[in-house]
J.: 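Below you will find the structure I want to go over with you.
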Protein chains: 2
Amino acid sequence: MATPKPGKPVRGSKTGQPIMALFDLLGRSWAMGIIWHLYRGPSTFRKLQEYCESISPTTLNKRLKELTESHLIERSIDGYMLTKQGKELFELLSPLGKWAKTWANNYTSK
Amino acid sequence: MATPKPGKPVRGSKTGQPIMALFDLLGRSWAMGIIWHLYRGPSTFRKLQEYCESISPTTLNKRLKELTESHLIERSIDGYMLTKQGKELFELLSPLGKWAKTWANNYTSK
DNA sequence: TAGCTTTGCTATTAAATATGTAGCAATTTA
DNA sequence: TAAATTGCTACATATTTAATAGCAAAGCTA
């Protein structure tokens with residue numbers, strides 16, 4: 001499957017509306033988890049595999065390529081790391097962490 | 001596949017960390033798109049199918065069940081709609097729309 | 001510098017998900 | 001009361017993801 005690009009047809013939008021292209025990209029397995037982990041700092045392929053517990057190398061490699069093509073991550077001497085844009089995106093996603101905790105509480109009480 | 005629940009093993013976390021449970025839930029195809037569309041107001045099953053362009057009824061139904069179990073959407077006389085929690089979540093996701101536009105610009109210029 | 005380890009993958013097969021299409025029972029509308 | 005709409009389900013197929021093995025290249029290590 002091709003890397004979703006704004007302006008091209010993606011899941012959710014034939015005209016490739018940016019938000020839908022983003023959802024297509026982030027909606028693939030592990031994509032958000034990878035970004036989440038990389039915010040802590042650069043990481044090698046093998047370290048990412050450990051962090052992401054059960055990710056298969058095939059899938060990890062695919063996600064890394066997609067995120068690289070999308071300018072959200074890049075390779076450095078220390079391994080994969082977030083780009084400036086990638087960090088920006090993380091900062092938008094980050095409030096979800098807090099929200100998820102209250103969601104979890106609410107959940108268990110029901 | 002079971003609906004991901006915080007506290008239970010999910011993709012990305014054996015202990016079911018809330019953020020990972022959320023990513024597992026939102027990371028399934030169309031999940032974020034459905035929330036996005038429902039923010040405009042309640043919608044029937046068929047309307048959602050139209051909005052989501054190419055979603056199959058099988059997948060839509062599955063997503064709707066998962067999101068309902070997760071207390072993010074509920075049914076009303078007017079169709080499916082976001083719960084209070086669902087709206088909160090949308091509001092956290094909403095900044096992504098703006099970000100995605102600048103991301104798209106950056107993209108096409110490269 | 002020969003051997004051992006680590007890293008970043010690829011290949012292959014199997015399992016899980018998503019799609020596409022048809023269609024049906026239960027309302028709602030005309 | 002016939003026709004249309006809605007909310008699905010069934011089933012076959014296609015696409016994604018996972019699991020496992022393992023290999024080439026680079027970096028130690030003795």
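Computed over heavy atoms, backbone and side chain alike; hydrogens, waters and symmetry mates excluded. Just so we're on the same page: letters track the sequence lines, and every chain starts at 1.
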J.: Whole-Å distance between dT16(D) C1' and Glu66(A) CD?
T.: 11 Å
J.: Send over the distance from Asp24(B) CG to dT17(D) P, rounded to a whole Å.
T.: 12 Å
J.: Roughly how bent is the helix from dT1(C)-dA30(D) to dA30(C)-dT1(D) end to end, in steps of 10 degrees, with each end axis from five pairs?
T.: 30°
J.: Over how many whole Å does the gap from Gln49(A) atom CD to dT10(C) atom P extend?
T.: 12 Å
J.: Considering only heavy atoms, which members of residues 27-46 of chain A lie under 4.0 Å from some atom of DNA chain C?
T.: Thr44(A), Phe45(A), Arg46(A)
J.: So, does Asn61(B) get its side chain near the phosphate of dT9(D), meaning an N or O under 4.0 Å from OP1 or OP2?
T.: yes
J.: So, the side chain of Thr68(A) versus the backbone of Glu74(A): is there a donor-acceptor pair under 3.5 Å, distance only?
T.: no
J.: From the set dT20(D), dC8(D), dT17(D), return the single nucleotide nearest to any side-chain atom of Pro57(A).
T.: dT20(D)
J.: Donor-acceptor pair, Ser76(B) side chain versus Asp78(B) backbone, under 3.5 Å?
T.: yes
J.: Could you tell me whether a side-chain N or O of Ser70(B) sits under 3.5 Å from a main-chain N or O of Glu66(B), the two making a donor and an acceptor?
T.: yes
J.: Measure from CZ on Arg63(A) to P on dG8(C) and round the result to the nearest Å.
T.: 19 Å
J.: If you count the non-hydrogen atoms of other residues, nucleotides and ligands that lie under 6.0 Å from NZ in Lys5(B), is the total more than 12?
T.: yes
J.: Can you list the steps and then say if Phe23(A) with Trp30(B) is a ring-ring contact (aromatic ring centres under 6.0 Å, His included)?
T.: CA-CA 8 Å; Phe23(A) 282 174; Trp30(B) 297 103; over 10 Å; no
J.: Step by step, work out the side chain to side chain contact (heavy atoms under 4.5 Å, CB included) result for Leu67(B) and Leu25(B).
T.: CA-CA 8 Å; Leu67(B) 292 172; Leu25(B) 183 70; 4.3 Å; yes
J.: Under 4.0 Å from OP1 or OP2 of dT9(D): is there any side-chain N or O of Lys65(B) that close?
T.: yes
J.: Between Thr58(A) and dT17(D), is there a side-chain N or O to OP1/OP2 distance below 4.0 Å?
T.: no
J.: Write down the distance between OH (Tyr80(A)) and C1' (dC9(C)), rounded to a whole number of angstrom.
T.: 8 Å
J.: Reading DNA chain D from 5' onward, which residue's closest nucleotide shows up sooner: Ser56(A) or Ala2(A)?
T.: Ala2(A)
J.: Let me know which of Arg28(A), Lys65(A), Lys8(A), Glu69(A) forms a side-chain contact (heavy atoms from CB on, under 4.5 Å) with Thr3(A).
T.: Glu69(A)
J.: Does any pair with a residue in residues 42-51 of chain B pass side chain to side chain donor-acceptor pair (under 3.5 Å), and if so which ones, sequence neighbours excluded?
T.: none
J.: Starting at CD1 of Ile55(A) and ending at C1' of dT16(D), how long is that distance when rounded to a whole Å?
T.: 13 Å
J.: Give a yes or no on whether the backbone of Pro4(B) and the side-chain of Asp24(B) come within a donor-acceptor separation of less than 3.5 Å.
T.: no
J.: Tell me: CZ of Arg11(B) to P of dA18(D), nearest whole Å?
T.: 6 Å
J.: What is the distance, rounded to the nearest whole Å, between atom CZ of Arg75(B) and atom C1' of dA26(C)?
T.: 12 Å
